[in-house]
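As the structure lists them, so they are numbered: ligands from 1, and atoms in each ligand from 1.
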Amino acid sequence: MANSSNFQAVKDRVFADLGLYEQVSGLYDGQWLAGEGRPRVPVYSPINGERLAEVALAGEEDYDRMVERAWVSFEEWSRVPAPKRGKVVRAIGDRLRAYVESLGLLVTLEVGKTPVEGRGEVQEMIDIADFAVGLSRQLYGMTIASERQSHRLYEQWHPHGVVGVITAFNFPCAVWSWNAFIAAVIGNVVVWKPSPDSALTAIATTNIVNDVLDEHGLPPLFFLAVDEAGEIGRRMSSDRRLPLLSFTGSVQTGREVAANVGERLGRSILELGGNNAAIVTPDADMEIALRGVAFGALATAAQRCTTTRRLILHDSLIDSFLPRLIDAYQNVRVGSPLEPGVLVGPLINRKAVDNYSNAIVRAESTGGQVLVGNSVLELPGAEGGNYVAPTLIEGLAPDSEIVCEETFAPILYVLRYSSLEEAFEIHNCVPQGLSSAIFSNNLREVEAFLSVVGSDCGLANVNTGTAGAEIGGAFGGEKETGGGRESGSDAWKAYARRQTVTVNYGAELPLAQGVTFDVR
Ligand code: UN1
């Protein structure tokens with residue numbers, strides 16, 4: 001169990017390494033603004049409920065000034081050649097390499113991820129920095145054959161200006177970096193509003209990256225405004241000075257953001273909820289399926305957008321696969337992520353624990369049977385922590401209300417199927433469309449899953465779980481997940497405005513479509 005001296009020792013080491021104190025500023029507009037006169041909020045560790053620090057919040061005037069400054073930075077940064085911008089991001093990636101351990105552990109302390117997952121979070125930032133460096137020499141535009149003589153037709157990509165990024169607690173720095181590093185090599189400047197539940201990780205990250213800019217004699221590019229109630233988020237969504245806003249969070253808040261951004265005809269990238277399923281067929285490699293489902297359903301205490309929330313299991317596997325999964329659920333170690341062997345840490349806060357309990361009550365009241373789990377855990381040594389038992393529930397209709405909702409807690413609904421068509425129908429009947437998986441070694445089943453009648457999600461996985469995407473692909477989902485794409489592939493195009501250029505280098509003025517217009 002979390003022994004408190006161990007917790008304190010880790011905290012002291014991490015805070016010293018990252019330059020954090022008991023009272024920190026949550027506002028960076030080129031410098032860290034002192035807390036005077038600003039409201040403060042405490043940040044608690046979900047591991048044991050201990051107060052980690054107190055964060056001074058940004059007010060609306062702070063935010064306004066910040067966006068103005070960000071535009072000043074843009075003037076300078078957008079004129080730096082892209083490959084040179086890439087070199088700066090490379091230096092940032094290198095600096096992050098030096099903080100893999102401490103920043104990863106801060107993620108553990110603040111949001112409760114296991115140390116390997118906390119580390120993985122920072123690794124994801126390093127990976128996207130590498131990707132962005134390569135991209136900085138590849139911001140290709142297309143040349144198109146012009147129908148007119150002595151004309152050149154091509155596309156070029158310019159930065160938008162100041163890009164807003166709103167992130168959730170569950171990937172407290174990686175998701176920001178997907179946006180920020182790609183946006184930066186294109187020439188944008190970024191204003192970040194993190195979840196107040198992961199403010200310290202955002203503060204430490206902002207500190208590290210802006211130090212590198214300082215050393216390069218560059219203006220601040222990565223601004224930060226922590227707030228508590230979402231006021232700044234609302235400002236951002238209706239702020240015309242942010243041509244692009246990337247939002248990661250719930251479907252409910254995403255709707256508001258999309259409406260506000262849409263109202264001003266701005267652009268948004270939405271990464272909203274998932275309700276991801278894994279189909280396990282009789283032709284699956286059962287060892288791979290078991291591990292893939294368990295990782296997808298339990299990693300990060302099921303607080304990923306990509307978490308497996310539904311298991312679509314063939315009837316014939318009910319007596320073989322399911323008991324093994326129940327066994328894994330019974331034996332997985334839940335507890336303080338600072339303890340060796342723990343795979344499932346705490347939920348982020350008490351509200352998340354309540355959501356867990358309420359979802360199970362609703363599931364049971366509509367015919368669900370709990371196969372394992374359904375308890376809020378009081379762990380000795382970690383009494384103030386937010387621990388719950390991973391839960392498997394069987395017997396619900398695939399389209400029942402609770403199964404169609406994303407509950408950010410370790411509850412996996414087991415749904416049965418007999419034909420593959422039925423499996424796809426169950427799979428696609430939820431409103432969300434982020435990630436999906438099939439476990440099968442049968443080519444026909446796999447290809448059907450990947451065909452137009454199969455998975456309707458943005459991410460489709462074969463013989464690997466719904467969670468744990470690499471940064472090289474475009475990340476995002478369909479339907480209520482919001483349609484946004486971030487991270488790899490050509491997702492960078494969302495952070496740039498496309499300009500179609502026509503150049504006439506001839507001595508005549510031929511018009512397109514053969515139109516004539518002789519004014520004399
Ligand atoms: C999220 O949960 O918001 O694929 C992002 C994954 C991670 C990213 C998840 N690489 O699980």
At what distance is the nearest protein heavy atom to [atom], and which residue and atom is it?
{"atom": "atom 4 (O) of ligand 1", "value": "Ala469 N, 2.7 Å"}
{"atom": "atom 9 (C) of ligand 1", "value": "Phe171 CE1, 3.4 Å"}
{"atom": "atom 3 (O) of ligand 1", "value": "Cys305 SG, 2.9 Å"}
{"atom": "atom 11 (O) of ligand 1", "value": "Thr306 OG1, 2.7 Å"}
{"atom": "atom 6 (C) of ligand 1", "value": "Gly468 N, 3.2 Å"}

Inset, instruction - Examine Phe181 together with Trp176 and report whether their ring centres are nearer than 6.0 Å. - result: yes
Legend entry - Close N or O approach (Asn170, ligand 1; < 3.5 Å): yes
Inset, instruction - Evaluate the side-chain contact (heavy atoms from CB on, under 4.5 Å) criterion for residues Asn210 and Phe223: first the C-alpha distance (whole Å), next the side-chain angles of each, then the deciding distance (0.1 Å), finally the verdict. - result: CA-CA 9 Å; Asn210 283 293; Phe223 293 75; over 6 Å; no
Inset, instruction - Can you see which heavy atom on Ser195 is nearest to which on Ala168, and at what distance? - result: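 Distance-wise, the nearest heavy atoms are CB-C, 3.8 Å.
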Inset, instruction - Using side chain to side chain donor-acceptor pair (under 3.5 Å) as the criterion, point out the one residue from Glu117, Glu121, Lys113 that pairs with Thr300. - result: Glu117
Inset, instruction - Give a yes or no on whether a salt bridge exists between Arg416 and Glu394, defined as a side-chain N under 4.0 angstrom from a carboxylate O. - result: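 Yes, charged N to carboxylate O under 4.0 Å.
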Inset, instruction - May I ask you to decide whether Arg291 forms a salt bridge with Asp285, counting only side-chain N to carboxylate O separations under 4.0 Å? - result: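 Salt bridge between Arg291 and Asp285, a charged N being under 4.0 Å from a carboxylate O: no.
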Inset, instruction - Say whether Glu124 and ligand 1 are in contact under the criterion: heavy-atom distance to a ligand atom below 4.0 Å. - result: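 Yes, Glu124 has a heavy atom closer than 4.0 Å to ligand 1.
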Inset, instruction - Check whether the side chains of Arg304 and Asn170 place a donor and an acceptor atom closer than 3.5 Å, and report yes or no. - result: no
Legend entry - Contacting atoms of ligand 1, where contact means under 4.0 angstrom from a heavy atom of Phe475: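 Result: 4 (O), 5 (C), 9 (C).
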Legend entry - Subset of ligand 1 atoms that lie under 4.0 Å from at least one heavy atom of Arg304: 2 (O), 6 (C), 7 (C), 11 (O)
